[in-house]
Number of protein chains: 2
Amino acid sequence: MTAFSVADVSTPDQKDILDEWEIAVIDLFLNAASSFGLPKSYGQIYGLLFCRDQSLPMNEVMKLLQISKGSASQGLRALRQLGAVSSVFEPGDRKERFVAEIRLRKLVGGFLREQADPHLDKGVGRLKQIEALLGNLDNTDSLKRGIRKHEILSGWHRQMSRLLPWVKMIVGKSDRLPKKSSY
Amino acid sequence: MTAFSVADVSTPDQKDILDEWEIAVIDLFLNAASSFGLPKSYGQIYGLLFCRDQSLPMNEVMKLLQISKGSASQGLRALRQLGAVSSVFEPGDRKERFVAEIRLRKLVGGFLREQADPHLDKGVGRLKQIEALLGNLDNTDSLKRGIRKHEILSGWHRQMSRLLPWVKMIVGKSDRLPKKSSY
DNA sequence: CACTTTGTTCAAAAAAACTTGAACAAACGA
DNA sequence: TCGTTTGTTCAAGTTTTTTTGAACAAAGTG
């Protein structure tokens with residue numbers, strides 16, 4: 001229980017208010033999230049944490065973004081899973097607090113690990129399934145065509161598998177810029 | 001007008017039927033499309049054309065996939081815009097016919113050009129907007145923080161801009177495999 | 001011109017994705 | 001133990017996206 005609370009209801013505290021630039025940054029991440037196929041609320045949450053230097057607990061996130069408990073909880077969980085936020089426990093505080101990961105390399109790596117890699121793995125299964133269906137076929141025209149297409153798909157799969165490690169390497173390769181860094 | 005038409009209604013022609021493996025491939029592309037943030041029907045259309053060696057006119061696409069005129073029309077237009085299909089006109093036929101682009105490099109290039117590049121461009125504008133908002137601020141704590149965050153975002157933007165050309169280069173670099181190729 | 005074929009557009013319907021909030025669980029302190 | 005705080009889950013509601021199909025346009029043909 002706090003010692004006193006003047007105008008506790010209705011008047012938003014200064015602390016509950018976002019700066020204009022923060023709103024713009026949050027909106028930027030909202031848009032970025034949807035273009036990566038993630039829910040907008042994930043973008044907002046990440047954007048908010050990105051703006052702050054101090055960690056925030058879930059209830060602050062809810063208040064500042066005006067989103068529901070459910071969205072906040074699910075969003076924070078998903079972002080942590082992606083490696084885009086991590087949580088810390090301040091000693092003597094029961095609340096979990098969250099901070100944004102700002103190293104681009106980590107962000108990209110997490111995204112690829114959670115989104116791209118699983119798709120490539122499923123791809124292996126699908127290719128096998130197609131192979132199996134082709135196995136049921138007699139030596140028809142369709143069979144020959146199917147085999148050819150299967151080869152093409154396998155080639156694509158191989159190339160994509162090779163590309164991803166490069167992407168992970170290239171991003172965040174912090175080439176020169178000794179100070180100022182690059183994230 | 002065709003010369004004769006026995007059981008024209010209700011009984012689907014052999015030609016209106018997809019092989020099982022084709023259905024599997026189409027489904028693969030349906031899933032791929034949605035994970036790239038494209039409508040499923042685009043995936044189906046591309047998948048069908050990918051399976052076929054012969055070009056198909058729009059009405060065949062509609063019949064084979066059982067999708068509406070509107071979907072077929074819009075899907076084909078969008079896929080052409082992405083460089084994923086191209087159209088040909090058989091001489092003496094009024095219909096436009098479509099074929100899938102199967103060179104992975106072209107596909108990736110088109111996707112990046114149409115989806116990633118525009119986002120990076122919008123990013124420039126957004127960064128400027130944030131800068132402007134920071135300009136309105138006095139020399140507060142928030143300003144310093146805002147400047148720092150803006151720098152981070154600029155760094156990310158730069159790195160992403162550098163990454164894309166590499167991706168375009170790497171994909172389809174047809175390393176070795178003198179025959180069999182790789183697409 | 002009248003008629004057919006081919007393809008586009010867009011408002012409305014359907015489907016999918018996202019968000020909400022109430023009910024629930026877990027963990028702590030008194 | 002009971003009450004409180006913190007966080008999760010999920011069915012229902014909301015919003016957004018996608019699909020449909022009827023009306024329209026364009027372009028040939030007889």
Side-chain angles (χ1 to χ4, degrees), chain A residues 1-2 5 8 26-27 29-49 55-82 85-98 115, chain B residues 1-2 5 8 26-27 29-49 55-82 85-98 115:
Chain A
M1 178 59 81
T2 49
S5 47
D8 223 352
I26 289 165
D27 188 61
F29 279 107
L30 181 155
N31 282 111
S34 31
S35 65
F36 283 116
L38 299 174
K40 293 174 192 167
S41 63
Y42 295 13
Q44 298 183 86
I45 295 170
Y46 180 84
L48 171 60
L49 295 174
S55 66
L56 292 178
M58 192 175 98
N59 65 338
E60 284 287 324
V61 172
M62 288 167 58
K63 245 190 311 185
L64 287 164
L65 296 175
Q66 316 207 94
I67 62 177
S68 69
K69 234 178 184 212
S71 281
S73 173
Q74 292 180 182
L76 286 166
R77 175 149 46 81
L79 288 168
R80 188 167 41 197
Q81 167 77 7
L82 276 172
V85 313
S86 50
S87 64
V88 296
F89 283 92
E90 294 296 329
D93 187 352
R94 199 131 67 69
K95 289 197 283 298
E96 194 174 7
R97 306 178 63 90
F98 298 89
Q115 312 283 311
Chain B
M1 176 60 80
T2 50
S5 47
D8 224 353
I26 289 166
D27 188 62
F29 280 107
L30 181 155
N31 283 111
S34 32
S35 65
F36 282 116
L38 299 173
K40 294 176 191 163
S41 64
Y42 294 13
Q44 298 183 86
I45 295 170
Y46 181 84
L48 171 59
L49 295 174
S55 66
L56 292 177
M58 193 176 98
N59 64 338
E60 286 285 324
V61 171
M62 290 167 56
K63 243 189 314 185
L64 288 164
L65 297 175
Q66 315 208 96
I67 62 178
S68 70
K69 236 179 181 209
S71 281
S73 174
Q74 293 179 184
L76 286 167
R77 175 147 48 80
L79 289 168
R80 188 165 43 194
Q81 167 78 7
L82 277 171
V85 313
S86 51
S87 63
V88 296
F89 284 91
E90 294 297 328
D93 187 352
R94 198 132 68 69
K95 290 197 281 298
E96 195 174 6
R97 306 177 65 91
F98 299 88
Q115 312 283 311

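Values in this document were obtained by computation on a predicted structure and should not be read as measured data. Lettering of chains follows the sequences in order, A, B, ..., and the numbering in each one begins at 1.
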Only counting residues at least two apart or in another chain, list the ones meeting ring pair (Phe, Tyr, Trp, His ring centres under 6.0 Å) with [X].
X       : result
B:Phe36 : B:Phe111
B:Tyr42 : none
A:Phe29 : A:Tyr46, A:Phe50

How long is the line joining [atom1] of [X] and [atom2] of [N], in whole Å?
X       : N      : atom1 : atom2 : answer
A:Gln66 : D:dT14 : CD    : C1'   : 17 Å
A:Glu60 : D:dT6  : CD    : P     : 11 Å
B:Leu38 : D:dT19 : CG    : P     : 11 Å
B:Asn59 : D:dG21 : CG    : P     : 16 Å
B:Ile67 : C:dA14 : CD1   : C1'   : 16 Å
B:Lys95 : C:dT4  : NZ    : P     : 17 Å
B:Met62 : C:dT5  : CE    : P     : 14 Å
B:Tyr42 : D:dT20 : OH    : P     : 12 Å

Any side-chain N or O of A:Ser41 under 4.0 Å from OP1/OP2 of C:dT19? yes
Are any of A:Ser68's side-chain N or O atoms less than 4.0 Å away from OP1 or OP2 of C:dT19? no
How would you list, by chain and number, every residue that makes a side chain to side chain donor-acceptor pair (under 3.5 Å) with B:Ser55, sequence neighbours excluded? B:Arg97
Side chain to side chain donor-acceptor pair (under 3.5 Å) partners for A:Asp27, two or more places apart: none
Look up atom CD1 in A:Ile45 and atom CG in A:Leu64, then write down how far apart they are to the nearest 0.5 Å. 11.5 Å
Give, for atom CG of A:Leu49 and atom CG of A:Leu65, the distance between the pair rounded to the nearest 0.5 Å. 8.5 Å
Check the interface with nucleotides 8-11 of chain C: list each N/O to N/O pair with the protein under 3.5 Å, or write none.
unit_1, atom_1, unit_2, atom_2, d
C:dT8, OP2, B:Ser73, OG, 2.6
C:dT9, OP2, B:Arg77, NH2, 2.8
C:dC10, N4, B:Gln74, OE1, 3.1

Just distance, no hydrogens or angles: give the donor-acceptor pairs under 3.5 Å from side chains in residues 71-82 of chain A, sequence neighbours left out.
unit_1, atom_1, unit_2, atom_2, d
A:Arg80, NH1, A:Ser87, OG, 3.1
A:Arg80, NH1, A:Glu96, OE2, 2.5
A:Gln81, NE2, A:Glu114, OE1, 2.8

So which one's nearest nucleotide on DNA chain D is more toward 5', A:Ser71 or A:Phe89? A:Phe89
Could you go through nucleotides 25-30 of chain C and list every protein N or O atom that sits under 3.5 Å from one of its N or O atoms, giving the distance for each pair?
none

Pairs flagged by salt bridge (Lys or Arg N to Asp or Glu O under 4.0 Å) wherever residues 62-72 of chain A is involved - sequence neighbours left out: A:Asp16-A:Lys63, A:Glu60-A:Lys63
